[in-house]
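Okay, so here's the structure we're looking at.
Keep in mind that what you see is a predicted model, and the values were worked out from it rather than measured. Start at 1 and go down the list; that is how both ligands and their atoms are numbered.
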Amino acid sequence: MTTVRIAELARHEGASVTVQGWVLTLRTSGKIAFLVLRDGTGYLQAVLSKKEVSEETWARFGGLSQEASVAVTGTVRAEPRAPGGYEMHATELTLLGASVDFPIQPKEHSTQFLFEHRHLWLRSRRQVAIAKVRHEVVQAIRDFFFARDFTLVDTPILTGSIGEQAGELFSTDYFDLGKAYLAQTGQLYVEAAAAALGKVYCFGPTFRAEKSKTRRHLTEFWMVEPEVAFHDSNDNMRLQEEFVSYIVGRALEARREELKELERDTGPLERVQAPFARISYTDAVQKLNALGSDMAWGRDLGGDDETLLAQQYDRPVFVFNYPKGVKAFYMKENPDDPRTVLNNDCLAPEGYGEIIGGSQREDDYDRLLARILEQGLDPEAYRWYLDLRKYGTFVHSGFGLGVERTVAWICGLPHIRETIAFPRQIHRLYP
Ligand code: 4AD
Ligand code: MG
């Protein structure tokens, strides 16, 4: 007997095959029984007729419960109304693993309860759909850079210097060398790699000991960070809009079914096409004030300001050239207005806020050293990074896109914690 995955059933129409999976729903009308199975590749309705199966098989069906693992054998029939377009007329049923009192029932559960049972909750239709969209986004990211001849450079997670914000570091003892920090970014390292390889990117988990309990923050998240030699801030924004449009387009093309499962209105996503709108930070503050916000020049944009501003556009918007004081030490000073830096954030529409932070990097040795000292950082820890400005310094830019925020936006989820299999938050380390 051939064992197949649900997604492959089309190739076996008319044949008798076996499918293995987990019981999603069960229902019977006395003589006919319906069993919906999930195997990770799709959903299958198996139909059993009391007349046509053995008494043992019929009895085994009666003993099934939600999330039991089973093997079902039967004939594959086209059924346009069935999910996936096929149905199985079952002749045999084997119980592989019983499931007694599965904790997650088809009813309302509290968020707290669901996250306590995240290891089981992952099996729900909605969570499976989110996982597939995330998978597509990650593959789209890799394909985008591969097609454009970027070289992937894996950067360390244990680091000796602060990448972004001193206040948000996880640290651990590192043998005789003092403290090591979990990477907040791979950026500093890809800058070094850009001088070797031209166009590079890193893609991995990053860590922020953020005390913020918002719907946009995790303590561990995945970030992709391209870095390009001889790109200025404008080139950088052009790359970002192509990149974001590609990712969204790919999700729309390849994950229609999942977005439907998530009841995502895809209209706003269809409009995500380059070029995106651009507004300077200074103009953004004025615009926000006109819209009733009390935002003052010099402050970073808060989540509410981002939402309000992004609502003014029908696609993502770049806010560029922020005040130096609210941004990281490595951003290049704006020669036309030294109070600001040559950076940008990319704000997603529909209230999702910042999905990208990017900038042109300070390429002048003395200015960079001054910024390091100004921020109270230890120049010794950045000796290697300063070297890049000593030996063939070069205009270069890059950015970081947060995978979870991007997936939350594409899926239309209210909180980013559902976009990763096992989210890490200040109050959550289990499961
Ligand atoms: O703006 P951030 O902090 O930028 C950097 O880390 C730069 N080194 C990137 C670079 O230029 N190479 O973070 C970039 C993105 C944010 O826009 C957001 O999408 C995501 O990373 N991000 C978070 N996602 C989830 N939880 C958090 N706590 C996040 N912090 C940042
Ligand atoms: Mg940022």
Indicate, as side chain, backbone, both or neither, the part of [X] found under 4.0 angstrom from ligand 1 when only non-hydrogen atoms are considered.
{"X": "Thr406", "result": "neither"}
{"X": "Phe221", "result": "side chain"}
{"X": "Tyr352", "result": "neither"}
{"X": "Ile355", "result": "backbone"}

Exercise for the section: Mark yes or no: Arg148 above the aromatic ring of Phe144, with NZ or CZ under 6.0 Å from the six-membered ring centre and no more than 45 degrees from the axis. Expected result: yes
Problem - Within 45° cone and under 6.0 Å: Arg125 NZ/CZ vs Tyr43 ring - result: yes
Atoms of ligand 1, numbered as shown, that sit under 4.0 Å from any heavy atom of [X]:
{"X": "Met223", "result": "6 (O), 13 (O), 14 (C), 15 (C), 21 (O)"}
{"X": "Phe399", "result": "9 (C), 10 (C), 11 (O), 12 (N)"}
{"X": "Tyr330", "result": "7 (C), 8 (N)"}
{"X": "Ile416", "result": "25 (C)"}
{"X": "Thr185", "result": "6 (O), 8 (N)"}
{"X": "Ile356", "result": "17 (O)"}

Practice task
For atom 25 (C) of ligand 1, state which one of Glu168, Glu225, Arg216, Glu191 supplies the nearest heavy atom.
Solution key: Arg216
Completion exercise
Of Gln425, Met331, Gln187, the residue with the heavy atom nearest atom 10 (C) of ligand 1 is Gln187
Side chains of [X] and [Y]: donor-acceptor distance under 3.5 Å anywhere?
{"X": "Thr185", "Y": "Glu225", "result": "yes"}
{"X": "Gln127", "Y": "Glu418", "result": "yes"}
{"X": "Asp305", "Y": "Ser293", "result": "yes"}

Protein heavy-atom partner closest to [atom] - residue, atom, separation in Å:
{"atom": "atom 18 (C) of ligand 1", "result": "Arg405 NH1, 3.6 Å"}
{"atom": "atom 1 (O) of ligand 1", "result": "Glu354 OE2, 3.0 Å"}
{"atom": "atom 26 (N) of ligand 1", "result": "Leu218 N, 3.0 Å"}
{"atom": "atom 11 (O) of ligand 1", "result": "Arg361 NH2, 2.9 Å"}
{"atom": "atom 3 (O) of ligand 1", "result": "Arg208 NH1, 2.9 Å"}
{"atom": "atom 15 (C) of ligand 1", "result": "Gly400 O, 3.6 Å"}
{"atom": "atom 7 (C) of ligand 1", "result": "Glu164 OE2, 3.2 Å"}

Practice task
Would you sort out whether Phe230 and Ser397 count as a side chain to side chain contact (heavy atoms under 4.5 Å, CB included), showing the intermediate values?
Solution key: CA-CA 8 Å; Phe230 311 114; Ser397 300; over 6 Å; no
Practice task
Decide yes or no on salt bridge (Lys or Arg N to Asp or Glu O under 4.0 Å) for Arg126 and Glu261, but give the supporting numbers first.
Solution key: CA-CA 7 Å; Arg126 184 182 152 82; Glu261 173 74 46; over 6 Å; no
Problem - side chain to side chain contact (heavy atoms under 4.5 Å, CB included) between Asp235 and Val228, worked out - result: CA-CA 9 Å; Asp235 300 325; Val228 185; over 6 Å; no
Problem - Rounded distance [0.5 Å steps], CG in Asp345 versus CG in Asp300 - result: 7.0 Å
Completion exercise
CD1 of Ile372 to CD of Gln375, rounded to nearest 0.5 Å, is 9.0 Å
Handout entry: Contact with ligand 1 for Thr206, non-hydrogen, under 4.0 angstrom
Key = no
Problem - Worked verdict on Leu373 versus Phe329 for side chain to side chain contact (heavy atoms under 4.5 Å, CB included) - result: CA-CA 9 Å; Leu373 294 169; Phe329 69 95; over 6 Å; no
Problem - Atom name in Glu354, limited to N/O/S, at shortest distance from the Mg ion (ligand 2) - result: OE2
Handout entry: side chain to side chain contact (heavy atoms under 4.5 Å, CB included) between Thr393 and Asp364, intermediate numbers included
Key = CA-CA 8 Å; Thr393 195; Asp364 180 85; over 6 Å; no
Practice task
Fit a plane to each ring of Phe170 and Phe207, take the angle between them on a 0 to 90° scale, and name the class: parallel (under 30°), tilted (30 to 60°) or perpendicular (over 60°).
Solution key: perpendicular
